[in-house]
Number of protein chains: 2
Amino acid sequence: MKLQQLRYVCEVAKSGLNLSAAAKALHTSQPGVSKQIRLLEEELGVDIFVRNGKRVVDTTEAGRTVLAIAERVLLEAANLRQAGRDFSDEDAGALTIATTHTQARYVLPAVVKQFFERYPRVRLTLHQGNPTQVASDVAAGRADIAIATEAIELYPDLVMLPCYQWNRVVIVPPGHELLDGTRLTLERLARHPLITYDFAFTGRSKINHAFAAHGLTPNVVITALDSDVIKTYVELGMGVGLIAHMAFDAARDTGLRAIDAQSLFESSTTRIGIRRGAFLRKYTYDFIAMFAPQLDRRTVDRAMIGAGSSYEL
Amino acid sequence: MKLQQLRYVCEVAKSGLNLSAAAKALHTSQPGVSKQIRLLEEELGVDIFVRNGKRVVDTTEAGRTVLAIAERVLLEAANLRQAGRDFSDEDAGALTIATTHTQARYVLPAVVKQFFERYPRVRLTLHQGNPTQVASDVAAGRADIAIATEAIELYPDLVMLPCYQWNRVVIVPPGHELLDGTRLTLERLARHPLITYDFAFTGRSKINHAFAAHGLTPNVVITALDSDVIKTYVELGMGVGLIAHMAFDAARDTGLRAIDAQSLFESSTTRIGIRRGAFLRKYTYDFIAMFAPQLDRRTVDRAMIGAGSSYEL
DNA sequence: CGTGATTACGTTTATCGTAATTATA
DNA sequence: TATAATTACGATAAACGTAATCACG
């Protein structure tokens, strides 16, 4: 059994069961791929792919198991190379962070600045996307860490580490009637046109939930993908905005006023997601600690092993 | 990077940092091992071993990380071969069970009989040992599953599955004064010479604990490694025995009488231990289910993944 | 027929083992 | 001086690429 052969079968599976495409992606010849796969199948004593004459048309049941394990072997092999790089020059490399707009725009800048000062030779990449994209980026190995608030609980390959809790503020133009000093309630809020986040985003479900629990239907006139768009429409007087508290900056957003709304909604938890079993470089641990100081290396490692080494009835 | 190279470095680490011994164990030449390790170190860009001139004297810090990951790669590769065997002929193979005397002698026979009827072509091996040996057998891959009661909680590489709870019986010769019908207490028991299990064995600590909690010191005159030895000395009138309830068989042990003692001691839990991340063959799942019916394949799989995919503050 | 997989075959590369060399305790 | 690791080198084998063949849609 060779690592090369495992790379071949995995690539074939990824290329839609097309040996030619896989060979191209692997920068090698089609016959080579064909032969090595045959050799592996022979050695393991099972067919991995279902062939219709000469065409590969499906994976066998055994093949699916083999592919799953082969991927783990390759992941660990990649970890080994990563570890090598880490020890040979632990201050250089690349770090790809998949995250949402709010994090990228309002939370990460301070962390990124600090990180860049400590690790100027680490190339930092931000992948922006919605929480689902963010999670799948990390699960597929396209990014090293995910930072998002929702929808990333579902991936079993990801380890989720809670970073901080946050809630919402209502933003209005200066002189708006909600600024009259009386207590903000969901009932009052429901009487105004509302501008907030798009579905499946930054805790949007908690907003719907809170209104529904009071038998109210919010009058959502515009939904947006990011806080900046929301602010723009609020400034134009099209309604009141409802955004994450960290997206409001009193010094910067001079054309807006914020009203704390944390009593109205359930708080949301922003989490860091890491691929289970991935080897993390020293600077990755450091980045996580800069983002959420309670997540030191030991805590992260413990979470990655998985809480339970013993299972109780 | 080749799997072969990983095998070499792991073997060298296991052989006490001796290339010659490793080469012998791997059935290959010393120069080959030397060269491949050099090539791997070159490719990874880090030294794995510390050399004093030409002698390998230690592992580097990087080397320890590399070795840990390399072992995982090899474990997964072994899983792959195992999976192949499983699919090519799922009713043949080998199953090695590391366990203690009490299990092997009094609990397993019924299970083994049932298993052998279903899988006559699986070669079954029993490794007998104390709980610590049993756990290390599985952790090191010398056995597939461990069955024991104590001391196996400590290995982080093992997944522990609770199987059943048990408690103790006091055994005495016929006509003994403890058979007078009055309630058995720790105080009464402490007045007799006691024969029970050796330290670090089958719940021995719970026995000490119970006496200590009542301010009593048991008069342990003989400790033995297994229940049969204890029975023998009780039959000889040397004292009262204290053994696991499943080790007493009224039909067989005609020269003895048992008194239930479950109210006196905390109950013990017998567990099955599996190496985390191991690929289990179908018949292994079946064996586990025969031993503990609540541990079906799904339950075992879930426990092996580890309870927590999410870590909470 | 065109696309895609296997077979055939020659080239190249890497692996392995023996023997010789060097270094260490 | 005995043991252990590296270097040197030749034999073997394996992996690779090109070309040709074969099968499916």
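Numbers restart at 1 for each chain; the letters A, B, ... are given by sequence-line order, proteins then strands.
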[N] OP1/OP2 closer than 4.0 Å to side-chain N/O of [X]:
| X | N | value |
| --- | --- | --- |
| S34(B) | dT6(D) | yes |
| R51(B) | dA23(C) | no |
| N18(A) | dA5(C) | yes |
| S29(B) | dT18(C) | no |

Interatomic distance, [X] [atom1] vs [N] [atom2] [rounded to whole Å]:
| X | N | atom1 | atom2 | answer |
| --- | --- | --- | --- | --- |
| K24(A) | dA5(C) | NZ | C1' | 15 Å |
| Q36(B) | dA14(D) | CD | C1' | 14 Å |
| N52(A) | dT3(C) | CG | C1' | 15 Å |
| F49(A) | dT6(C) | CZ | C1' | 15 Å |
| E42(A) | dT7(C) | CD | C1' | 15 Å |
| L19(B) | dA23(C) | CG | P | 17 Å |
| K35(B) | dT7(D) | NZ | C1' | 9 Å |
| R7(B) | dC16(C) | CZ | P | 10 Å |

Under 3.5 Å, is there any donor-acceptor pair linking the side chain of R38(A) to the base of dT6(C)?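 Answer no: no donor N or O sits under 3.5 Å from an acceptor.
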Taking any heavy-atom pair under 4.0 Å as a contact, classify [X]: base, sugar-phosphate, or nothing.
| X | answer |
| --- | --- |
| Y8(A) | sugar-phosphate |
| S20(B) | sugar-phosphate |
| G53(B) | sugar-phosphate |
| Q30(B) | base |
| K2(A) | sugar-phosphate |

If you measure from the Lys or Arg side-chain nitrogens to the Asp or Glu carboxylate oxygens, is any gap between [X] and [Y] under 4.0 Å?
| X | Y | result |
| --- | --- | --- |
| R118(B) | D91(B) | yes |
| R85(B) | D89(B) | no |
| E41(B) | R51(B) | yes |

Would you call the rings of F115(A) and Y119(A) parallel, tilted or perpendicular if under 30° counts as parallel and over 60° as perpendicular?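 The arrangement is tilted - the two ring planes meet at 30° to 60°.
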Discussion item. Both K54(A) and Q4(A) contact DNA chain D. Taking the nearest nucleotide for each, which residue is further toward the 5' end?
Written reply: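 This one resolves to Q4(A).
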Give a yes-or-no answer on whether the side chains of D144(A) and T284(A) include a donor-acceptor pair shorter than 3.5 Å.
-> no
